Amino acid sequence: MTAATIDTPRTEPAIHPLWVRVTHWINAVAILVMIGSGWQIYDASPLLDGLRFGKSISLGNWLAGALLWHFAAMWVLVINGIVYVTLGIATGRFRRKLFPIYPRQVIADIKAALTFKLAHDDLSHYNAVQKVLYTGIILTGVVIVLSGLSIWKPVQFQELTALFGGYDAARYVHFAAMAAIVAFLVVHISLALIVPKSLRAMITGR
Ligand code: HEM
């Protein structure tokens, strides 16, 4: 046994409790399936001139196949999301980890990040940039689910569809939320690879 293992008692609380890790990775798989199949569905009726994703990076092979993937992963995403958000609120994790957010601190941390001076020593504490990104992506998750519901069942959820400005506007909102999630993922996955111990903590909890 090394000194490090003696110094680190097993009773020490995990950086990310089991429920965070399980819901995080279920969410990651569900989101990737939703994005891949969503791109195939988009290609069947594109919104932006000249923008097509193509079969090589999308999932489902054709419209009907992609819809099956999209609706299957939708249940996983929504049920898992409800569990994560409910536990995040009930356990006080969101309040402790994501709030408060001070704009001045966000600006200071962005500057520090751009000059590679942002500290990563304490993984149990999120810096202001992480707080903004995680809070933003959780809210984007709510928007993408609600706009998805309004284009899936525009008659049954007509008040919701109207809230987005109608069916066509809800499609644009759904697309914009997807683009925001893809942009988040580029930054999020790059940072996880640059700071591998954060990735280890999201897998093992320590
Ligand atoms: C598949 C690739 C992914 C990887 C490698 C990854 C990696 C990580 C890592 C290492 C952390 C902890 C980082 C830290 O200490 O800041 C984390 C946290 C987080 N990730 Fe991801 N992630 C992925 C996908 C996603 C997706 C698809 C979303 C949502 C759209 C997401 C949302 C979050 C959130 C909200 C947290 C904070 C969780 C909490 O503390 O409650 N991640 N991720």
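Start at 1 and go down the list; that is how both ligands and their atoms are numbered. Only a predicted model underlies this, so the values are computations on that prediction, with no experimental measurement involved. Every heavy atom of this structure was used, including side-chain atoms; hydrogens, water molecules and symmetry mates were not.
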When you check the side-chain N and O atoms of Asp43 and Gln40, is any donor under 3.5 Å from an acceptor?
->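 The criterion, which ignores hydrogens and geometry beyond distance, is not satisfied for Gln40 and Asp43.
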Using atom types as modelled and distance alone, determine if a side-chain donor or acceptor of Tyr42 lies under 3.5 Å from a backbone N or O of Leu51.
->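 Yes, Tyr42 side chain to Leu51 backbone: donor-acceptor pair under 3.5 Å.
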With a 4.0 Å heavy-atom cut-off (strictly under), which part of [X] contacts ligand 1: side chain, backbone, both or neither?
X: Trp25; result: side chain
X: Thr140; result: neither
X: Phe94; result: neither

Which atoms of ligand 1 sit under 4.0 Å from any heavy atom of [X]?
X: Leu185; value: 24 (C), 25 (C), 26 (C), 27 (C)
X: Ile137; value: 30 (C), 35 (C)
X: Phe184; value: 28 (C), 31 (C), 32 (C)
X: Gln130; value: 14 (C), 15 (O), 16 (O)

Once you round to the nearest 0.5 Å, how far does [atom1] of [X] lie from [atom2] of [Y]?
X: Ile189; Y: Ile194; atom1: CD1; atom2: CD1; result: 12.0 Å
X: Leu193; Y: His188; atom1: CG; atom2: NE2; result: 10.5 Å
X: Lys153; Y: Leu149; atom1: NZ; atom2: CG; result: 10.0 Å
X: Ile181; Y: Ile35; atom1: CD1; atom2: CD1; result: 6.0 Å

Which protein non-hydrogen atom lies closest to [atom], naming both residue and atom, and how far is it?
atom: atom 13 (C) of ligand 1; answer: Tyr134 OH, 3.4 Å
atom: atom 38 (C) of ligand 1; answer: Tyr84 OH, 3.4 Å
atom: atom 15 (O) of ligand 1; answer: Tyr126 CE2, 3.6 Å
atom: atom 10 (C) of ligand 1; answer: Ser198 O, 3.3 Å

With ring centroids as reference points, do Trp152 and Phe157 lie under 6.0 angstrom apart?
->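 Ring-ring flag for Trp152/Phe157: false, centres at least 6.0 Å apart.
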Establish, yes or no, whether a centroid distance under 6.0 Å links the rings of Phe94 and Tyr134.
->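 That pair fails the under 6.0 Å test.
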Within 6.0 angstrom of Trp19 CH2, more than 12 heavy atoms from elsewhere =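 Yes.
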Neighbour count >12 (heavy atoms, 6.0 Å) for atom NZ, Lys111 |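 It does not: Lys111 NZ has 12 such atoms or fewer within range.
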Near atom 21 (Fe) of ligand 1, meaning under 2.8 Å, how many protein N/O/S atoms are there?
->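 N, O or S atoms of the protein closer than 2.8 Å: 2.
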For the residue pair Trp39 and Phe53, categorise the inter-ring angle as parallel (less than 30°), tilted (30 to 60°) or perpendicular (more than 60°).
->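 The arrangement is parallel - the two ring planes meet at less than 30°.
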